[in-house]
Chemist: 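One structure, as structure tokens, below. Some questions next.
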Amino acid sequence: MRETLHGGGKVKEIIRQADGNSVSLRMEPQEAFIQTPLGITAIKGSTSGLTSISISDPGTTPTSAIVPESLKPAVKQLQEYFDGKRTTFDLSLNFKGTDFQRRVWQALLDIPFGKTCSYLELARRLGDVKAIRAVAAANGQNPFWIVVPCHRIIGSDGSLIGYAGGLWRKKWLLEHESPYKQQSLFV
């Protein structure tokens, strides 16, 4: 039997098993949409952790007037990142993917702020240079925009290639993270 409880702005589903003895509670996924310099960021998750962070173009989704309590740390940390006050994230991420994808995403987390790595180097770090295309595919399936820094992956020749959010966003993120800020020559 399923019952839905509403209270305190949260929705819980109670599942009573046939024996009547076991009860499990699951928190329904929540979402928030915030404006960033690169567009609208969608943050999804629950008290058990985030399930995705993605980007869309301005005007495609309205921003959230109210941010669910469970998503406030992610909103705050992303705002700090864009304000130049955060270089790492401390969030609970619920990765859903193959073992290989999760290995690639974990390896992305090891690339420091302000640094880049090529697809080939990442494949090498994972122990198989022949897996470069699989590494690139897993990189493109990253469910946690910015937090799992797939934007830090570049071509072997240093070129900006392969970014699902658009190369202009990748360029912006790498410049934002660069330790060498170039001053404008024009006023």
Chemist: Is there side-chain contact between Ser54 and Thr41, with heavy atoms separated by less than 4.5 Å?
Modeler: no
Chemist: For side-chain contact (heavy atoms from CB on, under 4.5 Å), just list the numbers for Ile43 and Leu78, CA-CA rounded to whole Å, side-chain angles, deciding distance to a tenth of an Å, and then say yes or no.
Modeler: CA-CA 10 Å; Ile43 304 165; Leu78 284 166; 3.7 Å; yes
Chemist: Do Phe33 and Tyr81 sit in the same hydrophobic cluster, where Ile, Leu, Val, Met, Phe, Trp and Tyr count as joined when their side-chain heavy atoms come under 4.5 Å apart?
Modeler: no
Chemist: How close do Leu71 and Lys44 get, heavy atom to heavy atom, and via which atoms?
Modeler: CD2-C, 4.2 Å
Chemist: Hey, quick one: are Val67 and Leu91 part of the same hydrophobic cluster, counting side-chain heavy atoms closer than 4.5 Å, chains of contacts allowed?
Modeler: yes
Chemist: What is the minimum heavy-atom distance between Gly162 and Lys170, and which atoms define it?
Modeler: O-NZ, 4.1 Å
Chemist: Hey, what do you get for CD1 (Ile132) to OG (Ser118), rounding to the nearest 0.5 Å?
Modeler: 6.5 Å
Chemist: Is the backbone N or O of Thr98 less than 3.5 Å from a side-chain atom of Gln101, with the two atoms forming a donor-acceptor pair by type?
Modeler: yes
Chemist: Could you please spell out the steps behind the side-chain hydrogen bond (donor to acceptor under 3.5 Å, both in side chains) verdict for Ser48 and Ser46?
Modeler: CA-CA 5 Å; Ser48 64; Ser46 67; 3.0 Å; yes
Chemist: Determine whether a donor-acceptor pair (N or O, by modelled atom type, separation under 3.5 Å) exists between the side chain of Arg125 and the backbone of Ala107.
Modeler: no
Chemist: Does the Arg152 side chain pair with the main chain of Ile111, one donor and one acceptor, at a distance under 3.5 Å?
Modeler: yes
Chemist: Measuring only between side-chain heavy atoms, which start at C-beta, is Pro143 closer than 4.5 Å to Trp105?
Modeler: yes
Chemist: Test of understanding: with side chain to side chain contact (heavy atoms under 4.5 Å, CB included), list the residues that count as partners of Ser70, not counting sequence neighbours.
Modeler: Gln30, Thr47, Pro68
Chemist: Assigning hydrophobic clusters by single linkage (Ile, Leu, Val, Met, Phe, Trp, Tyr; side-chain heavy-atom cutoff under 4.5 Å), is Ile34 placed with Leu38?
Modeler: yes
Chemist: Please find the pair of heavy atoms, one from Leu120 and one from Ser156, that lie closest to each other, and give the distance.
Modeler: CB-OG, 3.7 Å
Chemist: For the residue pair Pro73 and Glu69, what are the closest heavy atoms and their distance?
Modeler: CD-O, 3.7 Å
Chemist: Does Lys85 come within less than 4.0 Å of Glu80, counting only side-chain N to carboxylate O?
Modeler: no
Chemist: Between His151 and Leu174, which heavy-atom pair has the shortest distance, and what is it?
Modeler: O-CD2, 3.5 Å
Chemist: Same cluster or not: are Phe113 and Trp172 linked, directly or through other Ile, Leu, Val, Met, Phe, Trp or Tyr residues, by side-chain heavy atoms under 4.5 angstrom apart?
Modeler: yes
Chemist: Among the clusters formed by ILVMFWY side chains lying less than 4.5 Å apart, do Val147 and Ile40 turn up in the same one?
Modeler: no
Chemist: Quick test of your reading of the model: are Glu177 and Lys115 salt-bridged, counting only N-O distances below 4.0 Å?
Modeler: no
Chemist: To the nearest 0.5 Å, what is the distance between CG on Leu108 and CG on Leu122?
Modeler: 5.5 Å
Chemist: Taking the side chain as every heavy atom from C-beta outward, state whether Arg103 and Phe100 have any pair of such atoms under 4.5 Å apart.
Modeler: yes
Chemist: Look up atom CG in Asp90 and atom OG1 in Thr88, then write down how far apart they are to the nearest 0.5 Å.
Modeler: 7.5 Å
Chemist: What's the spacing between Cys117 SG and Ile153 CD1 if we round to 0.5 Å?
Modeler: 4.5 Å
Chemist: Rounded to the nearest 0.5 Å, what's the gap from CD on Gln77 to CD1 on Ile146? Could you check?
Modeler: 12.0 Å
Chemist: Show the nearest heavy-atom pair for residues Gly114 and Pro179, with the distance to one decimal.
Modeler: O-CD, 4.0 Å
Chemist: To the nearest 0.5 Å, how far apart are CD1 in Ile53 and CD in Glu31?
Modeler: 13.0 Å
Chemist: Could you tell me whether Asp157 atom CG has more than 12 heavy atoms of other residues or ligands within 6.0 Å of it?
Modeler: yes
Chemist: Write out all pairs satisfying side chain to side chain donor-acceptor pair (under 3.5 Å) with one or both partners inside residues 135-145, taking only residues at least two apart or from two chains.
Modeler: Trp145-Tyr163
Chemist: Counting the benzene-type ring for Trp, do Phe144 and Phe95 have ring centres under 6.0 Å apart?
Modeler: yes
